[in-house]
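Data first, discussion second: the structure below is written as structure tokens.
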2 protein chains.
Amino acid sequence: MTLQQLRYIWEIAQHGLNVSHTAARLYTSQPGISKQLALLEEELGTSIFARSGKHLTEITDAGRQIIAVAGEVLAQVQNIKHIAQEAADETVGALTLGTTHNQARYALPPVVAAFMMRYPTVTLNIHQGTPAQVAEQAAKGIVDVAITTEVTERFSNLVLLPYYEWNRCILVQPGHPLTQQPHITLEDVAACPIVTYVSGFSGRSQMDEAFEQHHLQPQVVLAAADADVIKTYVRLGLGIGIVARMAYDPIGDSDLIALHADHLFQRSLTKIGLRRGMFIRSFVFDFIQLCAPHLTREVVEQALTLREDQKIQFSAQDERSAD
Amino acid sequence: MTLQQLRYIWEIAQHGLNVSHTAARLYTSQPGISKQLALLEEELGTSIFARSGKHLTEITDAGRQIIAVAGEVLAQVQNIKHIAQEAADETVGALTLGTTHNQARYALPPVVAAFMMRYPTVTLNIHQGTPAQVAEQAAKGIVDVAITTEVTERFSNLVLLPYYEWNRCILVQPGHPLTQQPHITLEDVAACPIVTYVSGFSGRSQMDEAFEQHHLQPQVVLAAADADVIKTYVRLGLGIGIVARMAYDPIGDSDLIALHADHLFQRSLTKIGLRRGMFIRSFVFDFIQLCAPHLTREVVEQALTLREDQKIQFSAQDERSAD
DNA sequence: GTTCATTACGGATTCCGTAAGGATG
DNA sequence: CATCCTTACGGAATCCGTAATGAAC
């Protein structure tokens, strides 16, 4: 058994059981991977993948377990490399973030700028994706840190830390009837055509809940993944916008009016996700604390040793932005 | 980085940083290990071991962390092999027990006999050692299952399951004054010269506690690691013996008299220790349940997912023997 | 002077890429 | 017939063991 073989079976599983595709992604030859796979299966005395003829069709039960452990091994190999890098030079390395459009666009720029100033020799990579993708990549160790709001909690090896809480505002064009309203209610909002986030993004599910609790059926005429698109269509008069407060820029968006909506919706919580058991380099701790000052190294370390059922206590932070 | 290299650094650490010795134990050449070590250190850009000239003198800070992770990796490689073996044939494999003299001598024989009857194709290995050695070997994955009483709980990745509770008896020669005593007290016992277990074995510490609580200073004239030695010296008239009840064989030890002592000492608990995160083959579950019927597969699996601070609830079992 | 790790070197093995073969949908 | 995995084969790199070298206690 070699690390190479474990990497190959894990990658094959990640690429839909397509060995050719896997080989291309790993910049190696397809027969090379096939050979190593055959060697491993022979050594273990079990098939990891089920075949129909010469096609890999599915993963065997044993294969599923083996690949899961292989994933752990690969993550620990990464840990070893990170430990060594940290010992060699604390200020050199790479930090890979997984995040969504809205975090990357509104919340992270000042953090990233401060981080780059502090660690000019750390290579920063940002993987943008949907909240589900971001969470999965963090759970698999593809990214070091996940930052997102709508994160499903079904990844048992993903530790979620509270980053900051935020709420929404309502964007309208000047002269819109809602601007005359002294006290806006959810009924008022539901009466207008709405432009907001798609499901699974930026606390959309929490927004839906508010309407449901009041037995209202809002008319969402356009759902987008990011606030820039939403603002564009509000400007076109398609409807009123409901976006994260931080997405409203008083200067750049001065042609729109942002109405207060804290009383209409529950606050959403953006979280920082880390893979359980990962070695965290000092600059990663620093990055996290640049994001959220309350997440000190000690708090994060403690959270990583707790189990899922032992949720961390946190104090909400200032309001910023959303997915 | 290769698995070979990780195994080598781990083994070097296990063998007192003596590469020659390590090579001999692994049936390979010393320069081969040196070479792989040099390659790994070069790849990682950090030294794992500190040298004075050409001698390895100690482990670096980074090396300590790296070796710890390497140990995890090696354990997971074992897990993969076990998963594959289990898938290939549930009844073939090896079970390595780590236990002490007294368990091996008095508690385990019927369990082992039943297990061998049920799984004739499983190779059974028993590593005998001191309680501390046994616990360490289980924590390191050298043995699959540890069975011992005096187990220090400082191995964070060792899960302890309650096996059975037991207490002591007092062994005397016929005609000894204590045999006339209708109700033996701790003071009576402390007045006699005592032959019992050495510290660290078979609940010796719990025995000492009982005397201390009564402010008594027993005169231990001989301390041995096993009951057979103790009985030998009781027969020679060196003193009275205090041994685990199961160590008294009414037939083989008919020349000695066992006096009831349950009221003098607190019961001791013999435990089954498993490395956290290890893959447990079905016959290992069966072995554990042969030991202790209350340790069903479900109970064991649940215990393995709990943390140290969440102790398992258990109901004491019948009394048998001791370390 | 003994123990111990590194360097040097040669043989065997392994690994990987190109090319051809055979099965699937 | 296009896709995909396996087998075949040759060159390159790696690994490992013996022998020699040099440092430490």
Side-chain angles (χ1 to χ4, degrees), chain A residues 1-60 62-64 66-67 70 73-74 77 81, chain B residues 1-60 62-64 66-67 70 73-74 77 81:
Chain A
M1 193 185 313
T2 66
L3 287 176
Q4 184 87 301
Q5 289 166 350
L6 297 184
R7 172 168 299 284
Y8 283 169
I9 61 170
W10 194 81
E11 293 284 350
I12 291 172
Q14 297 305 309
H15 291 96
L17 276 50
N18 184 325
V19 177
S20 306
H21 185 198
T22 306
R25 287 296 195 90
L26 298 182
Y27 305 105
T28 185
S29 72
Q30 177 271 317
I33 295 187
S34 265
K35 188 73 190 300
Q36 293 303 320
L37 170 58
L39 282 173
L40 179 60
E41 288 186 326
E42 187 194 11
E43 176 182 349
L44 293 179
T46 321
S47 50
I48 295 169
F49 300 104
R51 291 144 169 95
S52 92
K54 292 193 171 182
H55 288 233
L56 305 192
T57 53
E58 57 181 344
I59 309 178
T60 64
R64 209 177 317 281
I66 290 171
I67 289 166
V73 169
L74 296 175
V77 167
K81 290 180 180 171
Chain B
M1 193 184 315
T2 66
L3 286 176
Q4 185 87 302
Q5 290 166 348
L6 297 183
R7 171 168 300 282
Y8 283 169
I9 61 170
W10 195 81
E11 293 284 351
I12 291 172
Q14 298 304 308
H15 291 97
L17 277 50
N18 185 325
V19 178
S20 306
H21 186 197
T22 306
R25 287 299 194 86
L26 298 182
Y27 305 106
T28 184
S29 72
Q30 177 271 317
I33 295 187
S34 265
K35 188 73 192 298
Q36 292 303 319
L37 170 58
L39 283 174
L40 179 60
E41 288 186 327
E42 188 194 11
E43 176 181 349
L44 293 178
T46 321
S47 49
I48 294 168
F49 300 104
R51 289 142 170 96
S52 92
K54 289 193 171 180
H55 287 234
L56 305 193
T57 52
E58 56 181 346
I59 309 178
T60 64
R64 210 177 316 281
I66 290 170
I67 288 166
V73 169
L74 296 175
V77 167
K81 290 180 180 170

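In this text the structure is predicted, and so the values were computed from the model without any measurement. In what follows, chains carry the letters A, B, and so on, assigned in the order in which the sequence lines appear, proteins first and then strands, with residues in each chain numbered from 1.
The closest donor-acceptor contact from the side chain of Glu41(B) to the backbone of Ala38(B) lies at 3.5 Å or more, if one exists at all. A donor-acceptor pair under 3.5 Å is absent between the side-chain atoms of Arg7(A) and the main chain of Leu74(A), judged by distance alone. Panel note: side chain Glu43(A), backbone Met1(A); a donor-acceptor pair is recorded below 3.5 Å. Between the side chain of Thr60(A) and the backbone N or O of Phe49(A), no donor-acceptor pair lies under 3.5 Å. Within the 3.5 Å criterion, the main-chain N or O of His15(A) finds no donor-acceptor partner in the side chain of Thr22(A).
Here the C1' atom of nucleotide dT6(C) and the CG atom of Leu56(B) are 11 Å apart, to the nearest Å. Remark: P of dC15(C) and CZ of Arg7(A) are 16 Å apart, rounded to the nearest angstrom. In this structure, His55(A) places its NE2 atom 15 Å from P of dA2(D), rounding to the nearest Å. Distance, Lys54(A) NZ to dA23(C) P: 6 Å, rounded to whole Å. Look at CG on Leu40(B): it is 12 Å from P on dC15(D), rounded to the nearest Å. Rounded to a whole Å, the CD atom of Glu11(B) is 18 Å from the C1' atom of dA5(C). The CG atom of Leu17(A) sits 15 Å away from the C1' atom of dT24(C) (whole-angstrom rounding). Distance NE2 (His15(A)) to C1' (dC5(D)): 17 Å, rounded to an integer number of Å.
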Applying salt bridge (charged side-chain N to carboxylate O under 4.0 Å, His left out), run through Arg51(B) and Glu58(B) and close with a yes or a no.
-> CA-CA 7 Å; Arg51(B) 289 142 170 96; Glu58(B) 56 181 346; over 6 Å; no
Tell me, with the steps shown, if Tyr8(A) and Thr28(A) meet side-chain contact (heavy atoms from CB on, under 4.5 Å).
-> CA-CA 11 Å; Tyr8(A) 283 169; Thr28(A) 185; 4.2 Å; yes
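Applying the 4.0 Å criterion to OP1 and OP2 of dC16(C), one finds that Gln4(A) has a side-chain N or O inside that range. At least one side-chain nitrogen or oxygen of Arg51(A) sits closer than 4.0 Å to the OP1 or OP2 atom of dT6(D). One finds a side-chain N or O of Ser52(B) lying less than 4.0 angstrom from the OP1 or OP2 phosphate oxygen of dC25(D).
For the segment residues 18-35 of chain A, residues with any heavy atom less than 4.0 angstrom from an atom of DNA chain C are, sorted by number, Thr28(A), Ser29(A), Pro31(A). Contacts between residues 41-50 of chain A and DNA chain C, defined by a heavy-atom separation under 4.0 Å, are absent.
Taking 4.5 Å as the limit, some side-chain heavy atom of Leu56(B) sits within range of a side-chain heavy atom of Ile12(B). Ile33(A) has its side chain out of reach of Gln30(A): every pair of non-hydrogen atoms, C-beta onward, lies at least 4.5 Å apart.
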